[in-house]
Amino acid sequence: MLIYRISSPFKFDARALSLTCKVCKKYQSTETRLDHVGTMLPESGMENSYRVGQTFLHKVFAYRGVIIHPWTANISEQSKYQASSFPDNTNTDPAKSKALKNETYYQVLMDSRDLPYNRDEAFFVTTIKTDPSQSSETMTGIQTVPGVDYVSHQDVLPYSSIEEVPIQNDLFKLFFDQNQESKQFQSTERLHTWKNNNYNSLKMDKVYKETTGEIRVTAIPFFLGMKNSTGSHLQEYWWRYSIRVENLGDKSARLQERHWRIISNGSVKTVRGRGVTGKEPILNKDNPVFQYCSHMSLPSTSGTMWGTFRFERENGEQFDARIPAFALETS
């Protein structure tokens, strides 16, 4: 089955791709154009992972990408239909959350042509800079690599591209070459080296989810490393975390406020603010998902983060959706 890409002034929910075989994007032009991008391949069941080098379309964010590494993640999920801010019986210990299943997530390289229609601050990984004279776990700084994402197996729609170079990304030709017999893309030594050198900061093994009413929040933490604080003998431990917020219902909701609590060394820190990453995203049928990444540093080797997002309906009704408690661990 052929896959087409619609160039249109409108953006559609890409989860309909499995039925319509179209990828929809938002363009500045008012012209609607149908572009042939490839042929859809059979989707694999949850028990079968896609191979490294497989090109795909993201069912939610509608970007083109290629798989660079599979990870097996432990999924902890809770559902709550009464959204109080911080009830007395709040479980802030992620270890006590019931792990429902394991699921494959893929580290992927995104097509740069699709990045303008998504947001740079949502799709990147963080690697660390180190001093060769110090421990490999001691970081001197961090650097971000844009156009890299982590994707659930169920969000992958595999396809075979008609383009000679299917993914436009500066790293694609460094990370992949094409097998002349099978015509499949395979990882290069450069990709193996990059993954090995940055394994600790790229590794993911736990995913935390919590649903409050019709809002589901997913959190994925990544430990980066330890850094000596400037001008003191104190040490800081750094993490990156990815947050995905989904509206599973039909009613529009605006994310207005965030309220975090962070536990470290027995003390609790509270952080409040408007929106997330300077935005107050509206989640509705056309755009039901919002994703972003941020960083956290602690003076100890472990901690816990949890909180709530405050939403407002179009009629002015406000409600809180819980952010799952997730562990910040160094191992």
Side-chain angles (χ1 to χ4, degrees), residues 52 63 65-71 73 105-112 115 118-151 167-176 187-207 219-244 260 262 264-265 269 271 276-278 291-305 326-331:
V52 173
Y63 63 70
V66 60
I67 292 171
I68 59 179
H69 192 81
W71 299 94
Y105 273 69
Y106 301 97
Q107 189 176 355
V108 306
L109 196 63
M110 297 172 60
D111 195 310
S112 59
L115 271 175
N118 291 286
R119 294 170 299 104
D120 290 346
E121 71 270 21
F123 304 102
F124 67 87
V125 294
T126 304
T127 58
I128 65 173
K129 300 177 181 178
T130 59
D131 185 343
S133 65
Q134 301 182 32
S135 166
S136 60
E137 296 181 355
T138 302
M139 54 188 258
T140 58
I142 60 176
Q143 55 191 4
T144 60
V145 182
V148 181
D149 193 16
Y150 287 78
V151 182
I167 303 298
Q168 298 295 317
N169 187 301
D170 292 341
L171 293 176
F172 182 77
K173 288 188 176 181
L174 297 176
F175 285 175
F176 292 97
S187 55
T188 63
E189 188 62 34
R190 183 73 173 270
L191 175 56
H192 289 299
T193 300
W194 183 78
K195 291 194 293 187
N196 289 336
N197 289 345
N198 299 289
Y199 179 84
N200 289 336
S201 55
L202 298 175
K203 178 180 68 174
M204 68 162 292
D205 56 9
K206 294 179 181 178
V207 177
I220 307 176
F222 301 84
F223 175 62
L224 299 179
M226 183 269 290
K227 181 181 180 182
N228 292 317
S229 297
T230 305
S232 72
H233 298 291
L234 298 177
Q235 296 175 331
E236 294 179 343
Y237 297 85
W238 282 77
W239 289 263
R240 179 177 76 91
Y241 59 92
S242 173
I243 299 293
R244 172 167 160 164
W260 284 102
I262 303 104
S264 175
N265 281 339
K269 178 182 178 181
V271 178
V276 288
T277 65
Q291 179 174 304
Y292 73 96
C293 296
S294 190
H295 297 91
M296 170 60 63
S297 64
L298 297 176
S300 62
T301 58
S302 64
T304 302
M305 293 181 65
F326 59 94
L328 300 175
E329 301 171 318
T330 56
S331 60

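In this text, all values refer to a predicted model and were calculated from it rather than measured experimentally.
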Inset, instruction - Answer yes or no: are there more than 12 heavy-atom neighbours, outside Asp205 itself, under 6.0 Å from its atom CG? - result: yes

Inset, instruction - Quick one: closest heavy-atom pair of Ala327 and Pro221, and the distance? - result: O-CG, 3.6 Å

Inset, instruction - Step by step, work out the side chain to side chain contact (heavy atoms under 4.5 Å, CB included) result for Gln143 and Thr126. - result: CA-CA 6 Å; Gln143 55 191 4; Thr126 304; over 6 Å; no

Inset, instruction - Can you see which heavy atom on Phe223 is nearest to which on Glu329, and at what distance? - result: CB-O, 3.3 Å

Legend entry - Within-4.5 Å side-chain heavy-atom neighbours: Trp238 and His295: yes

Inset, instruction - Could you tell me the separation between the OH atom of Tyr237 and the OG atom of Ser264, rounded to the nearest 0.5 Å? - result: 10.5 Å

Inset, instruction - Take the angle between the ring planes of Phe175 and Trp194 and call it parallel below 30°, perpendicular above 60°, tilted in between. - result: tilted

Inset, instruction - Using the six-membered ring of Phe124, assess whether NZ or CZ of Arg240 lies under 6.0 Å from its centre and within 45 degrees of the ring axis. - result: yes

Inset, instruction - Answer with yes or no whether the side chains of Asp149 and Tyr63 bring together a donor and an acceptor at under 3.5 Å. - result: yes

Legend entry - Steps toward side chain to side chain donor-acceptor pair (under 3.5 Å) verdict (Thr127, Ser201): CA-CA 6 Å; Thr127 58; Ser201 55; 5.6 Å; no

Inset, instruction - Given side chain to side chain contact (heavy atoms under 4.5 Å, CB included), test Leu202 with Gln107 step by step and report yes or no. - result: CA-CA 9 Å; Leu202 298 175; Gln107 189 176 355; 3.4 Å; yes

Inset, instruction - For side chain to side chain contact (heavy atoms under 4.5 Å, CB included), just list the numbers for Leu171 and Val145, CA-CA rounded to whole Å, side-chain angles, deciding distance to a tenth of an Å, and then say yes or no. - result: CA-CA 10 Å; Leu171 293 176; Val145 182; 3.9 Å; yes

Inset, instruction - May I ask you to test the Leu298-Glu236 pair for a side-chain heavy-atom distance under 4.5 Å? - result: no

Legend entry - Contact summary for Ala73 and Lys206, nearest pair of heavy atoms: CB-N, 4.4 Å

Inset, instruction - Evaluate side chain to side chain contact (heavy atoms under 4.5 Å, CB included) for Phe172 paired with Leu174, printing each intermediate quantity in order. - result: CA-CA 5 Å; Phe172 182 77; Leu174 297 176; over 6 Å; no

Legend entry - Separation of Glu189 CD from Ser187 OG (nearest 0.5 Å): 8.5 Å

Inset, instruction - Give the ring-plane orientation class for Trp260 versus Phe326, where under 30° counts as parallel, over 60° as perpendicular and anything between as tilted. - result: perpendicular

Inset, instruction - List the atom of Asn169, the atom of Met110, and the distance in Å for their closest heavy-atom pair. - result: ND2-O, 2.9 Å

Inset, instruction - Look up atom CD1 in Ile243 and atom OG1 in Thr277, then write down how far apart they are to the nearest 0.5 Å. - result: 11.5 Å

Legend entry - Heavy-atom pair of closest approach, residues Thr330 and Thr301: CG2-O, 3.0 Å

Inset, instruction - Starting at CD1 of Ile128, measure out to CG of Leu224 and round the result to the nearest 0.5 Å. - result: 7.5 Å

Inset, instruction - Please determine which of Tyr150, Tyr105, Trp71 meets the ring-ring contact (aromatic ring centres under 6.0 Å, His included) test together with Phe222. - result: Tyr150

Legend entry - Distance (rounded to the nearest 0.5 Å) between Thr193 OG1 and Asn198 CG: 10.5 Å

Legend entry - Minimum side-chain heavy-atom gap Met305-Leu328 below 4.5 Å: yes

Inset, instruction - State, with a plain yes or no, whether a side-chain heavy atom of Gln235 is found less than 4.5 Å away from one of Lys227. - result: no

Legend entry - Atom pair CG (Leu109) and CD1 (Ile167), whose distance is rounded to the nearest 0.5 Å: 7.5 Å

Legend entry - Nearest non-hydrogen partners of Pro146 and Thr144, listed with the distance: CD-O, 3.7 Å

